[in-house]
Amino acid sequence: MKNDINWNFDNSYSKLPDTFKENINPFSVKNPELIVLNKNLATELNLNFSNIKKDELSSLFAGNNLPKGSHSIAQAYAGHQFGHFTMLGDGRATLIGEHVTNKNHRYDIQLKGSGKTSFSRTGDGRAVLGPMLREYIISEGMHNLNIPTTRSLAVVKTGEEVIRESPLPGAILTRVASSHIRVGTFQYVAARQRKDELKILLDYVINRHYPELRNSKNKAVELLNAVLDKQVDLVINWMRVGFIHGVMNTDNMSISGETIDYGPCAFMDNYDPKTVFSSIDKIGRYAYCNQPIITKWNLARFAECLIPLINPDQDKAVSQATEIINTFEKKYEIKWLDMMRNKIGLSKPEEKDKFLIVDLLTWMHQKKADYTNTFCYLMNEGIQKNNIYKDADFLNWKKRWELRLKSEDITSNQYLKLMKNSNPFVIPRNHKVEEALKATEKNDLKPITKLLEILKNPYLNQENISDYRIPSNSDRNYQTFCGT
Ligand code: AMP
Ligand code: MG
């Protein structure tokens, strides 16, 4: 492998005690073929793939050839999956190392679908093309929506079949993250009841993600506060754009505050707080409206792990942790209201705004109005005449809103600017994602290329994209499946 790619590995996690990981290389695959490469992300990472031939890139992103300086591991973690605790770990991924950019930013480079590890349990360690491309599309979409997320650098087909209900094309996704440390990582270490190991993890996380806490009097308390704040911001961003994660298990909650693990996630079209897409989420545990509640629940599991480090007196530690966890609702409510205010162009808080916002949402729910497009309509950026917006209740609401806007004493340019930063014109609509994935199965890369291009500028009213802004008609029946 030529070494002019600029890889600059410094693998700090692999130097942690053996408890935290297994040293393991990705398994070679038969016939790797590069399907997509994220050139923008490569540039951001200061990586240069332009002089590398396609077959070399294919074998690099398949893990057949590891770059110089990498040290490949599978990370140990646990997790509450749908409420049930399990010891997990990277069962089908290897972290090939941490790349440090010329701007001194550190990123995990992980190959997802790279074969069995000691954490694979009954799984085959492999991933399927469709779900890996889906993760690529949606994670990049989220990034362009200005929402913290893991990124996707490349997808390769392995040239091998993966057996699910039927044989499917195998694939490997190169995932880039500020780290893959999860709430579940803490749960794994805490379950071993070794305070010394927990302390190592705490210090590692603070050094890597929250260096400003290095000199805190009580690092565990401060970390809990910091992670809570990050997660409040994250879930509010999801609510802002109608994103439904789908599997908010504690192993899928990142300590850095990035959206991680795109399985059965999808974007809501018509506004319905109970929307659930995942076929396995029968009771709607991870429905749109439950996301903040589950975030808090997951943070409480995180807090439990930190108890031994918060205070030697367990009762005191529990009460300190509880106090922090109970700040969630108030913080969430304040920030949610601010976020929703911005969506309707308001910047100066007023007590009654909550009613104005809730009334709009209630109307959208009753009329099955599209969440994204309703805000576009309010910005005069609707795509089609829709009789729904002639509804008397909506027109009444609009009058109240216009009066409220007047009280802000700002120009329409000013409030529209605020709205345009909060309300995307285009999101990865389910029908467009499916269309792109189906075409790729037939080796037609045009739809996925076009979709990815359009999703680069979600806050710009791009020409000729009306098709991408239409809701999926059959949305109520749309189902997503785990990244199998
Ligand atoms: P996920 O649903 O992707 O969050 O995965 C949950 C757990 O199952 C993680 O420990 C994964 O590594 C593991 N896992 C998922 N799919 C497979 C597979 N095909 N083979 C082995 N482990 C898997
Ligand atoms: Mg996971």
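One-based numbering, in listed order, for ligands and for the atoms of each.
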Check: Can an N or O of Leu88 be found at a distance shorter than 3.5 Å from an N or O of ligand 1?
Finding: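 No, there is no polar N/O contact under 3.5 Å.
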
Check: Looking only at distance, does Phe119 have an N or O less than 3.5 Å from an N or O of ligand 1?
Finding: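 No; every N/O pair is 3.5 Å or more apart.
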
Atom indices of ligand 1, in the order listed, that fall short of 4.0 Å to a heavy atom of [X]:
{"X": "Gly125", "result": "18 (C), 19 (N), 20 (N), 21 (C)"}
{"X": "Gln81", "result": "6 (C)"}
{"X": "Arg164", "result": "19 (N)"}
{"X": "Arg121", "result": "7 (C), 8 (O), 10 (O), 13 (C)"}
{"X": "Arg126", "result": "19 (N)"}
{"X": "Tyr77", "result": "9 (C), 10 (O), 12 (O)"}

Margin query: How long is the straight-line distance from NE2 of His99 back to CH2 of Trp7, given to the nearest 0.5 Å?
Written below: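 One gets 6.5 Å once the value is rounded to the nearest 0.5 Å.
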
Checklist line | From CA spacing to verdict: side-chain contact (heavy atoms from CB on, under 4.5 Å), Phe425, Asn457 | finding: CA-CA 9 Å; Phe425 291 110; Asn457 291 299; over 6 Å; no

Checklist line | Check ion pair Glu453-Lys456 (N to O, under 4.0 angstrom) | finding: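 Salt bridge: yes.
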
Check: Which of these, Asn11, Asn23, Asn25, sits in a side-chain hydrogen bond (donor to acceptor under 3.5 Å, both in side chains) with His71?
Finding: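 The side-chain hydrogen bond (donor to acceptor under 3.5 Å, both in side chains) with His71 is passed solely by Asn23 among Asn11, Asn23, Asn25.
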
Notebook entry, point to check: Which one of Ser254, Ser179, Ser256 satisfies the side-chain hydrogen bond (donor to acceptor under 3.5 Å, both in side chains) criterion with His209?
Noted result: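 So the option named by the test is Ser179.
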
Next item on the list: Sort out for me which residue in Lys432, Arg469, Arg429 forms a salt bridge (Lys or Arg N to Asp or Glu O under 4.0 Å) with Asp269.
Entry: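 Result for salt bridge (Lys or Arg N to Asp or Glu O under 4.0 Å) with Asp269: Arg429.
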
Note to self: Tell me the contacting part of Asn252 for ligand 1: side chain, backbone, both, or neither, using a 4.0 Å heavy-atom threshold, strictly below.
What the structure shows: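 Side chain only.
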
Can a non-hydrogen atom of [X] be found less than 4.0 Å from any atom of ligand 1?
{"X": "Val247", "value": "no"}
{"X": "Ser120", "value": "yes"}
{"X": "Lys112", "value": "no"}

Check: Do any N/O/S atoms of Asn249 come under 2.8 Å of the Mg ion (ligand 2)?
Finding: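 For Asn249, the answer is no, given that no N, O or S atom comes within less than 2.8 Å of the Mg ion (ligand 2).
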
Notebook entry, point to check: Could you go step by step and tell me if Phe9 and Tyr107 meet the ring-ring contact (aromatic ring centres under 6.0 Å, His included) rule?
Noted result: CA-CA 9 Å; Phe9 284 105; Tyr107 293 99; over 10 Å; no

